[in-house]
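Everything below concerns the one structure shown next.
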Amino acid sequence: MERNQIGIITKPQALKGEFRVKPALLNLKYYKSFKVVYIANHEYEVERVSIRDTFVIFKVKGIDSCESAETYRNQPIFADMEVVARDDGDYMDYKVFVGGEEIGKIVDINNYGSKDVWSISGKDNMMLPFIDGLIESKDEENMVISLKKELFEQVAVYEN
């Protein structure tokens with residue numbers, strides 16, 4: 001499984017061991033999908049997650065007081081990205097092909113108002129708006145999508 005940093009613990013929240021996380025993922029809905037997180041090389045089962053405007057609040061089993069949560073201040077928090085729940089039409093973790101060549105994997109999906117924007121990580125990192133007609137074919141079983149090359153070249157924004 002691919003373990004990714006999903007944020008940084010910033011401080012305790014309330015008295016029962018909850019803590020605030022500064023998110024590393026732009027799409028906050030994925031935080032509700034995590035059942036297990038990793039902090040300081042320890043595995044913790046997630047009891048609940050609350051989403052706020054700019055941060056996420058976690059409660060995990062084994063951290064039950066403000067004092068114990070405080071010991072993890074400024075620690076990175078990790079999760080296995082393969083276990084993120086998928087909704088219909090959600091292409092998170094799909095391999096992306098253009099013109100028969102693999103260009104990377106969708107690592108984040110955000111919505112800035114009018115369209116979803118995919119973050120693709122590969123040889124080149126890029127962002128790509130999900131627009132009508134972009135997908136040439138999809139294989140849900142193997143989690144692969146092929147994009148129309150002409151349209152892809154018009155809308156892809158490279159980060160490098």
Side-chain angles (χ1 to χ4, degrees), residues 1-97 102-113 115-130 135 138-145 147 156-160:
M1 293 219 191
E2 184 178 342
R3 194 166 295 162
N4 293 81
Q5 183 174 340
I6 60 168
I8 300 280
I9 298 172
T10 58
K11 65 181 183 176
Q13 174 77 24
L15 302 173
K16 304 274 186 192
E18 294 176 314
F19 51 86
R20 286 186 183 195
V21 172
K22 178 181 177 186
L25 302 176
L26 295 176
N27 195 335
L28 298 182
K29 75 177 183 176
Y30 294 119
Y31 287 90
K32 293 228 178 223
S33 300
F34 298 123
K35 304 295 182 214
V36 174
V37 294
Y38 303 88
I39 308 166
N41 294 321
H42 292 94
E43 180 178 304
Y44 293 95
E45 184 179 338
V46 176
E47 291 182 11
R48 70 181 165 273
V49 176
S50 301
I51 307 294
R52 299 295 192 265
D53 288 336
T54 59
F55 60 91
V56 180
I57 299 172
F58 274 88
K59 173 63 179 98
V60 299
K61 288 185 179 180
I63 301 177
D64 297 314
S65 69
C66 181
E67 293 78 16
S68 61
E70 177 65 39
T71 64
Y72 293 105
R73 184 184 289 258
N74 298 322
Q75 289 287 319
I77 181 169
F78 296 86
D80 292 327
M81 293 302 292
E82 281 82 5
V83 299
V84 171
R86 289 179 175 78
D87 299 321
D88 289 336
D90 184 349
Y91 300 105
M92 186 73 168
D93 291 329
Y94 271 59
K95 292 179 185 174
V96 179
F97 285 78
E102 183 176 351
I103 62 166
K105 181 170 86 169
I106 299 173
V107 295
D108 202 6
I109 301 172
N110 298 285
N111 189 297
Y112 298 107
K115 299 284 183 196
D116 282 347
V117 176
W118 297 344
S119 294
I120 299 173
S121 179
K123 185 180 107 184
D124 294 315
N125 294 330
M126 66 191 72
M127 296 180 79
L128 184 70
F130 177 61
I135 295 180
K138 69 179 175 179
D139 177 353
E140 292 180 11
E141 183 177 320
N142 295 310
M143 294 179 58
V144 172
I145 58 173
L147 305 179
V157 177
Y158 293 85
E159 296 178 6
N160 298 351

Could you tell me how the ring of Phe58 sits relative to the ring of Phe19: parallel (under 30°), tilted (30 to 60°) or perpendicular (over 60°)?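 Aromatic pair Phe58/Phe19 classed parallel.
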Please work out which of the three classes, parallel, tilted or perpendicular, describes the rings of His42 and Tyr44, given edges at 30° and 60°.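 Tilted.
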Hey, does [Y] have a side-chain heavy atom less than 4.5 Å from the side chain of [X]?
X	Y	value
Lys22	Phe55	no
Trp118	Met126	no
Leu147	Leu128	yes
Val96	Ile106	yes
Asp93	Lys105	yes
Glu70	Ser65	no

Rounded to the nearest 0.5 Å, how far does [atom2] of [Y] lie from [atom1] of [X]?
X	Y	atom1	atom2	value
Glu43	Asn41	CD	CG	11.5 Å
Arg48	Lys59	CZ	NZ	6.5 Å
Glu102	Phe97	CD	CZ	4.0 Å
Ile120	Glu159	CD1	CD	10.0 Å
Lys138	Tyr91	NZ	OH	3.5 Å
Ile8	Gln75	CD1	CD	8.5 Å

Minimum heavy-atom separation for [X] and [Y], please, with both atom names.
X	Y	result
Met92	Ile109	N-CD1, 3.5 Å
Val49	Lys32	O-NZ, 3.0 Å
Glu18	Ile57	CB-CG2, 3.9 Å
Tyr72	Ala40	CE2-CB, 4.1 Å
Val36	Val46	N-CG2, 4.0 Å
Pro23	Thr54	CD-O, 3.5 Å

Within a reach of under 6.0 Å around NZ of Lys16, are more than 12 heavy atoms found that belong to other residues, nucleotides or ligands?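 No, not enclosed.
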Taking CG in Leu15 as the centre, count heavy atoms belonging to other residues, nucleotides or ligands within less than 6.0 Å. Is the count above 12?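 It does not: Leu15 CG has 12 such atoms or fewer within range.
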Tyr38 and its side-chain contact (heavy atoms from CB on, under 4.5 Å) partner, picked from Ile77, Asp80, Ile6: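 Exactly one candidate clears the test, Asp80.
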Are Glu45 and Lys61 close enough for a salt bridge, meaning some N to O gap below 4.0 Å?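 Answer for the salt bridge query: yes.
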